[in-house]
Amino acid sequence: MKPKILLLDEPLSALDGVIKESIKDRIRTIAREYHLTTIIVTHDPEEALTLSNRVLILEKGGIAQYGAPSEIIHHPRNSFVKSFILNQLEIKRNNIYHLFADAC
């Protein structure tokens, strides 16, 4: 019996960057090779946006937005989506810039 759905709950949360990218590639390969619908639960917007062709954002048990990653980035439906996705990405970006600014 071949499964039709692969459900992964925070599969990348405890991994370092290099291993995380390798596992992301492996998840994509497995899903494509076996024609699996893959549902990944994550609190990391970068993972959601880079690993998925469709993203579902939940807020208080309801759907805040569902769409392609580019749609969510360019057209967040409400302040929660904007805060959850864009602000977290901005914080990551600023932290990286801050690290390099201190090194110079």
Side-chain angles (χ1 to χ4, degrees):
M1 182 167 100
K2 181 181 154 203
K4 296 180 182 179
I5 297 175
L6 175 62
L7 176 59
L8 303 169
D9 187 4
E10 299 277 358
L12 307 172
S13 64
L15 303 176
D16 68 47
V18 174
I19 293 173
K20 184 182 283 193
E21 291 306 313
S22 173
I23 298 298
K24 281 167 68 172
D25 287 340
R26 189 69 183 133
I27 290 169
R28 282 188 207 98
T29 300
I30 290 168
R32 193 177 320 112
E33 190 175 307
Y34 292 98
H35 306 287
L36 295 171
T37 297
T38 305
I39 299 171
I40 301 170
V41 176
T42 182
H43 291 89
D44 184 331
E46 182 183 356
E47 284 178 21
L49 296 168
T50 60
L51 199 52
S52 307
N53 58 5
R54 305 294 285 172
V55 176
L56 175 72
I57 300 169
L58 296 174
E59 177 186 18
K60 297 180 183 175
I63 298 172
Q65 188 165 352
Y66 175 71
S70 61
E71 179 184 334
I72 290 169
I73 290 285
H74 297 296
H75 306 289
R77 185 172 291 159
N78 58 38
S79 61
F80 174 78
V81 173
K82 186 173 183 178
S83 173
F84 183 73
I85 296 292
L86 300 180
N87 286 353
Q88 284 191 53
L89 294 174
E90 184 72 19
I91 289 167
K92 282 185 175 189
R93 184 183 73 106
N94 288 341
N95 287 342
I96 291 169
Y97 284 157
H98 182 73
L99 287 172
F100 285 107
D102 287 349
C104 296

task: Any chance you could measure L58, atom CG, to Y66, atom OH, to the nearest 0.5 Å?
output: 12.0 Å
task: Would you please name every residue forming a salt bridge (Lys or Arg N to Asp or Glu O under 4.0 Å) with E46, sequence neighbours left out?
output: K92
field: Pairs where residues 21-33 contributes a residue and the test side chain to side chain donor-acceptor pair (under 3.5 Å) is met, not counting sequence neighbours
entry: E21-K24, K24-T50, D25-R28
field: Test item: E47 side-chain N/O and P11 main-chain N/O as donor-acceptor pair under 3.5 Å
entry: no
message: Keeping Q65 on the side-chain end and N78 on the backbone end, is there a donor-acceptor pair under 3.5 Å?
response: no
task: Show your working on side chain to side chain contact (heavy atoms under 4.5 Å, CB included) between I63 and I57 and close with a plain yes or no.
output: CA-CA 6 Å; I63 298 172; I57 300 169; over 6 Å; no
message: Tell me the closest heavy-atom pair linking F84 and P45, and the distance in Å.
response: O-CG, 3.9 Å
- prompt: Taking the side chain as C-beta and beyond, is there a heavy-atom pair between L15 and I23 under 4.5 Å?
  reply: yes
message: Within a 6.0 Å radius of atom NZ on K20, are there more than 12 heavy atoms belonging to other residues, nucleotides or ligands?
response: yes
field: CG-OG1 distance between L7 and T37, expressed to the nearest 0.5 angstrom
entry: 11.5 Å
task: Go through the steps for L51 and T42 under the test side chain to side chain contact (heavy atoms under 4.5 Å, CB included), then give the verdict.
output: CA-CA 11 Å; L51 199 52; T42 182; over 6 Å; no
- request: Test L36 against I30 for side chain to side chain contact (heavy atoms under 4.5 Å, CB included), laying out the working first.
  value: CA-CA 8 Å; L36 295 171; I30 290 168; 4.2 Å; yes
- prompt: Is there a donor-acceptor contact under 3.5 Å from the side chain of S52 to the main chain of A48?
  reply: yes
query: So L49 and I85, side chain to side chain contact (heavy atoms under 4.5 Å, CB included) or not? Walk me through it.
result: CA-CA 9 Å; L49 296 168; I85 296 292; 3.8 Å; yes
